[in-house]
Amino acid sequence: MVFTNLTKRYAEVSNYPGTTVDISRGFWQGNLVIDTPGIYALNRSNDEERLTETLLEDAEVIINVVDATGLRRDLYLTLQLLGRGVPMVVLVNMMDEVRRQHLYLDLAKLESLLGVPVVAAAAATGEGMADLAKVVGTLCATKKNSPSRVQGSELRSRANEIYGEISASQEGIQQLSPLDKWLTRPLSGIFTAFLVLALIWWLVAGVVAGEVVDFTEGIVFNRWLLPPLVGLLQRVLPLGLLQNLLIGEFGALTMAVAYGIGLLLPLVFSFYLLLSLLEDSGYLPRLAVLMDNTFRPLGLNGKSVIPLILGFGCVTMAVISTRMLSTRRERIILAFLLGLAVPCSAQTGVIAMMLTTMGYGWLALYGLILLTVFLLAGVILNKTMPGRSNGLFLELPRLRLPRARNILRKSWAKSMAFLKDALPLFALGACLITLMEYWGGLAALETLLAPITHTWLKLPSEVVSAFIMGLIRRDFGAAGLLTLNLATGQRFVALMTMTLFVPCIASVLVVIKEHGLLIGIAISLSSLAVALLTGGLLAAII
Amino acid sequence: MNLLAAFPGKRYIVLKIKDSKVRQQANCLGMGEGEDVFCVARRERGPVILGRGGQLVAVGGEVARGIQIAPLRAKRK
């Protein structure tokens, strides 16, 4: 939030440790400002700490943002940063919270004990930003300080000493708030989790997929925008391939743009809005506590629930956020499970639309099968992968009321990122299918894949075009199923197969970047195999 | 005794943390060896929620088993 205040550029902020796993850059008063990942120490023990160390090598001024309500914890890193001798200002953020809790911090004393400027701030309200500007202006003209001599094991005891000298409040008995107790106790916690999921489902599948998409796709695109545009292009463009590519059955405008903006964007935006509420309230770490024992047989700990829930927004982003897990083994297991059995927001939106019209029995069966596949895959991976996973050790941030401004900015930024990422791929997929159809390749492929689609999955051969779209992005493939005339059982088989189908290209690329080509290929091929196996078995039973 | 035997509402001193990564993390958060912590909540097989200076940390069952603690007696006036 300090970074956003200074540079007017949005950097993602959430209420749990490990939100920022990448860096953000912006300019402030002509100087480059880099927002490093949130860390508690410089021990080179994870990627975020190593990245921050590298960035510090070229830093001219350090703005060390500490949390006033967790100052004792944060002073450890402050002392480590002092050890680097780079001109530094300590920005004590969240002072509004300190005043609200009637705590007392002697910041003048802190300044004299640390030997660097200290500024009181509340970034959410903009308090202290003008003072910070003045101090940084002065520091830019300063030469390197002599490094602090506090090192190693002395750091923690010195941090405690400093905190003891500047804080007047005595530590009393700590208790969980009634809401914390409610959320972390098994019965009430699971009840709340189901309630939250049901509410999300009702809002996305009922309200947005029904009312909002009816308007954006049905009226805005299909009634207001596309008919005049198609009419105009039919007059201007010659009949043939070019017309087909833009406004044909699988045209870039009539299909890719209409699906991407008219159908998927409202679903994605609403999903991000709800996920941001969960993220910013501090609920996700409580869910991690609740789910810790459930995740152990899968070789994961409760912390995995955070990337998993984020996966329902965007699987690609969730794979990146698996960096918060401490071992490579856990990160690979979770990346596999995300790629296999977690549909992203756009896909969930389309699936929700289709399942709601089919009835709640199909919805329950869908959830049950997906959960079974998820658990089975997790157990098998845990049993077969070498090494061992780490247990849970997770800081629980305070529960707080999310700020509407941050929720809206975050949801908007993520939705725009979705469009930027997905629209070109949608257009590419639509062009590919149009070209195949134009040159007769689609019919040949339908014949070639008939043993799988027709014999094994018992689906009509037209489903091949949806699966080709699904190869590019699963949500695009799921949207392609909407237009096909399928019986209820066939629709369910197609939906289930598409849900478990290969992860989208962007996710696979991120997996390759994080874990290598072999793991990327293994995840894609295994997902394909599981999808076809599950789909075929269901087709035989239903 | 290990952390899984802690009673909610009681204060303890952390004697030893078996896992080196957890030891480092706990030290950064001010809950390392030699520090005193509150047991805020505990489930039989974990997690245990520890508190210190307004911060809360959830410790999974397996990790908690590797943390040795001792009750911290209140000083008599």
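Per chain, numbering begins at 1; letters A, B, ... match sequence-line order.
A donor-acceptor pair is defined here as one N or O able to donate and one able to accept, closer than 3.5 Å; no such pair exists between the side chain of A:R73 and the backbone of B:G30. Using a distance-only test at 3.5 Å, with no hydrogens or angles considered, no donor-acceptor pair links the side chain of A:N43 to the main chain of B:Q24.
The two residues B:G61 and A:D292 make their nearest non-hydrogen contact at N-OD2, 4.1 Å. Contact record, B:P47 with A:V289: CG-O, 3.5 Å, taken as the closest heavy-atom pair. Between A:R72 and B:L29, the shortest heavy-atom distance links the atoms NH2-O, 4.4 Å. Considering every non-hydrogen atom in both B:A41 and A:L176, the closest pair reads CB-CD1, 3.7 Å.
Interface with chain B: from residues 181-191 of chain A, residues A:T184, A:P186 qualify, criterion being any non-hydrogen pair under 4.5 Å.
Contact annotation: the side chain of A:L396 never approaches that of B:V57 to less than 4.5 Å [non-hydrogen atoms, C-beta and beyond].
Neither the backbone nor the side chain of B:L50 comes within contact range of chain A, judged by heavy atoms closer than 4.5 Å. Contact of B:K10 with chain A is not made at all, since no heavy-atom distance falls under 4.5 Å. Only the side chain of A:N390 comes within contact range of chain B, with at least one heavy atom under 4.5 Å from a heavy atom of that chain. Within the 4.5 angstrom heavy-atom criterion, atoms from both the backbone and the side chain of A:L290 approach chain B. Residue B:A26 touches chain A through both its backbone and its side chain, counting heavy-atom pairs closer than 4.5 Å.
By number of non-hydrogen pairs under 4.5 angstrom with chain A, the leading residue of B:G66, B:A58, B:A64, B:C39 is B:A58. Comparing B:M31, B:R45, B:E62, B:Q55 by heavy-atom pairs within less than 4.5 Å of chain A, the highest count is held by B:Q55.
Side-chain atoms of A:N160 and B:E35 form a donor-acceptor pair, as typed in the model, at a separation below 3.5 Å.
The distance from the CG atom of A:L42 to the SG atom of B:C28 is 9.5 Å, given to the nearest 0.5 Å.
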Trace of the side-chain contact (heavy atoms from CB on, under 4.5 Å) decision for A:N293 with B:R43: CA-CA 10 Å; A:N293 292 338; B:R43 268 198 257 161; 4.0 Å; yes
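Evaluated for a side chain to side chain contact (heavy atoms under 4.5 Å, CB included) with A:F393, the options B:V59, B:I17, B:D19 yield exactly one hit, B:V59.
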